[in-house]
Amino acid sequence: MDGSRTPAYEKLEMFIGGQWCQGGDGKSEDVLNPATEQVLGKLPHASKADLDRALQAAAKGFEVWRKTSAYERGKIIRKAADLIRARADQFATILTLEQGKVLAEAKMEIAGTADIIEWYAEEGKRAYGRVVPGRLPGLRQTVVREPVGVVAAFTPWNFPGITPARKIAGALAAGCSIIIKASEETPGTCIAMARAFVDAGLPPGVLNLVFGVPNDVSTYLLASPIVRKISFTGSIPVGKHLAKLAADGMKRATMELGGHSPVIVFDDADPVKTAEIAAAGKYRNAGQVCISPSRFFVQEKVYDKFADKFIEIAKSLKVGNGMDADTKMGPLANMRRINAMEAVVADVQANGAQIQAGGKRIGNQGYFFQPTVVTEVDEKSKLMRNEVFGPVAPIVRFKTFDEVIKRANGLEYGLAAYAFTKSTATATAVADALESGMVGVNHMMVSTPETPFGGVKESGYGQEGGVEGLDAYLISKFVTQIGV
Ligand code: NAD
């Protein structure tokens with residue numbers, strides 16, 4: 001073990017062309033534990049020569065992997081999922097140390113990570129094409145599905161297990177090779193995942209893992225003709241920037257960007273039960289979730305009961321180090337999120353809102369912020385207009401169906417939306433009316449391996465999960481043939 005590393009944390013390395021390595025020009029950065037601000041380890045950065053090696057390795061890896069049968073590919077991918085399950089405790093510890101979420105949530109994320117990988121191992125065998133009847137006797141028209149080629153993927157720090165898993169397993173199941181730049185702030189989980197794929201027997205070059213200055217790495221990789229597809233999860237501004245780079249090389253792209261998910265609670269819903277579900281959803285991973293419920297519209301008759309219960313839960317949540325057994329909400333992932341929460345609270349207060357719970361940073365070591373609830377919020381405040389990505393919940397009233405739909409659809413986001421009602425007619429109408437990639441009615445579990453996950457409007461394009469998730473890494477080739 002290298003002396004500078006926290007015990008139980010992952011050894012920080014890159015993986016290029018089947019070899020674990022440090023950066024060619026010796027550059028690195030510290031990875032911090034957000035609960036303590038202590039250094040967990042030193043993360044190497046890729047030099048340009050390292051990125052060139054990764055590109056060449058991925059090109060060679062693609063030639064090997066595309067010729068491996070989907071059945072054989074599935075066996076290796078499936079084995080990686082099994083290894084992740086067998087190592088789940090080790091994975092969850094790494095995840096909590098580097099990202100901050102409570103250990104129980106980290107364990108759930110690792111279980112979900114293995115499930116995603118296993119699901120793609122199976123789905124890769126079903127990349128079916130079709131036969132289209134010809135217009136002439138003896139004309140045979142087939143549509144075959146082929147892997148798109150080398151993939152460049154970029155993942156953020158909020159789900160260091162699930163997000164890389166979706167991209168790696170989706171690409172590999174389709175027969176693509178991949179270069180992934182996981183988040184520099186939470187690299188350990190993806191490194192541990194890469195080790196599982198290596199131990200499962202993945203050939204060299206098929207999976208390459210690099211780190212560096214995000215914009216330097218993405219600009220360099222996207223300029224290469226070797227890369228044929230990009231998959232990004234992160235903020236809307238960065239997504240737009242990468243989409244432009246992808247367009248320069250006419251590369252396919254999947255963009256999983258931000259959201260500002262409305263939650264509509266109708267008069268006929270149970271306000272207390274709904275508040276329990278909503279608060280659990282809101283404070284999961286301290287609100288740093290792209291599908292986090294984040295604008296709570298409550299119809300007048302149930303407003304008080306809903307708000308009272310939500311506030312009571314926020315006040316009672318134990319915030320602390322995610323490794324402690326009694327912690328219910330961990331720290332934010334970095335100091336940028338603390339600064340963002342302070343700015344958003346100052347803005348709503350200046351606009352006349354009432355802070356009903358929380359509103360402040362906790363202590364000055366570790367990035368802890370109080371679970372916060374705000375009422376009497378002006379619709380023009382930053383909290384109601386911009387993605388929050390933290391534990392601050394605005395609760396507002398509404399009167400009619402048409403009015404709340406207009407307000408819910410009034411932003412450029414369209415990732416997830418939620419509604420609570422006992423009426424089937426209202427449930428159907430609200431699901432139809434919401435401009436959103438995913439709609440949860442009476443619950444909030446909109447992310448599973450087998451269902452499509454992705455947004456509309458500025459929340460992005462393309463989907464991960466479900467048959468759509470495999471499709472993202474496939475092209476359709478039309479072959480028309482006639483006897484001579
Ligand atoms: P950011 O916009 O700087 O970065 C977001 C992610 O993109 C990070 O993982 C970062 O490493 C990566 N990134 C940044 N520039 C890049 C580039 N040029 N090429 C490739 N990757 C690049 O912001 P941040 O402070 O890390 O996060 C704040 C905001 O990002 C949040 O408010 C939220 O809107 C968004 N975010 C969204 C998700 C999501 O799941 N959709 C995840 C994390 C962050």
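Treat the numbers as computed from the prediction; the structure is a model and nothing was measured. Numbers for residues simply follow the sequence, beginning at 1. Counting starts at 1 for both ligands and their atoms, following the listed order.
Considering each of Phe159, Phe389, Tyr413, the one bringing a non-hydrogen atom nearest atom 36 (N) of ligand 1 is Phe389. Nearest residue to atom 14 (C) of ligand 1 from Val238, Leu257, Leu222, Thr233 is Val238 (criterion: closest heavy atom). Comparing Leu415, Asn158, Val388 against atom 40 (O) of ligand 1, the shortest heavy-atom distance belongs to Asn158.
Comment: Arg78 engages Glu118 in a salt bridge, judged by a side-chain N to carboxylate O separation of less than 4.0 angstrom. For the pair Lys380 and Asp347, the salt-bridge criterion is not met [side-chain N within less than 4.0 Å of a carboxylate O]. The residues Arg336 and Glu185 are annotated as salt-bridged, a charged nitrogen and a carboxylate oxygen being separated by less than 4.0 angstrom. The pair Glu109-Lys101 meets the salt-bridge criterion, with a side-chain N (NZ, NE, NH1 or NH2) lying under 4.0 Å from an Asp/Glu carboxylate O. The pair Glu29-Lys42 fails the salt-bridge criterion, with no side-chain N (NZ, NE, NH1 or NH2) lying under 4.0 Å from an Asp/Glu carboxylate O. A salt bridge is absent between Arg385 and Glu379; no separation between the charged side-chain nitrogens and carboxylate oxygens falls under 4.0 Å. Taking a cutoff of 4.0 Å between a charged side-chain nitrogen and a carboxylate oxygen, Glu342 and Arg361 do not qualify as a salt bridge.
Close approach of ligand 1 to His241 (heavy-atom distance below 4.0 Å) involves ligand atoms 18 (N). Heavy-atom contacts of Glu256 reach the following atoms of ligand 1: 41 (N) (cutoff under 4.0 Å). Applying the 4.0 Å criterion to heavy atoms of Asn215 picks out, from ligand 1, the atoms 17 (C), 18 (N). Proximity to Leu242 (heavy-atom distance under 4.0 Å) selects the following atoms of ligand 1: 19 (N), 20 (C). Of all atoms in ligand 1, listed by their number and element, those nearer than 4.0 Å to a heavy atom of Phe232 are 7 (O), 21 (N). Per-residue contacts place Arg337 under 4.0 angstrom from the following atoms of ligand 1 (heavy atoms of the residue considered): 28 (C), 32 (O).
Atom 17 (C) of ligand 1 has as its closest protein heavy atom Ser218 OG, 3.5 Å. Of all protein heavy atoms, the one closest to atom 23 (O) of ligand 1 is Ser235 OG, 4.5 Å. Protein heavy atom at the shortest distance from atom 39 (C) of ligand 1 is Cys290 CB, 3.5 Å. Remark: minimum distance from atom 43 (C) of ligand 1 to any protein heavy atom is reached at Pro156 CB, 3.4 Å. Annotation: atom 34 (O) of ligand 1 to nearest protein heavy atom, Glu387 OE1, 2.2 Å. Ranking the protein heavy atoms by distance from atom 10 (C) of ligand 1 puts Pro214 CG, 4.5 Å first.
Ligand 1 has an N or O atom lying under 3.5 Å from an N or O atom of Trp157, backbone or side chain. Of the N or O atoms in Ser183, none lie within a sub-3.5 Å distance of an N or O in ligand 1. Between Glu184 and ligand 1, a contact under 3.5 Å exists for no N or O pair. Polar contact with ligand 1: present for Arg336 (N/O pair, distance under 3.5 Å).
Under a 3.5 Å cut-off, the side chain of Ser28 and the backbone N or O of Pro44 do not form any donor-acceptor pair. A donor-acceptor pair under 3.5 Å is formed between the side chain of His260 and the backbone N or O of Leu383. In this structure, Glu98 contributes its side chain and Thr189 its backbone to a donor-acceptor pair below 3.5 Å.
Not a single heavy atom of Gln288 sits closer than 4.0 Å to an atom of ligand 1.
The ring of Tyr473 has its center no closer than 6.0 angstrom to the ring center of Trp65.
Using a 4.5 Å cut-off on side-chain heavy atoms (C-beta onward), Val319 and Phe369 make no contact.
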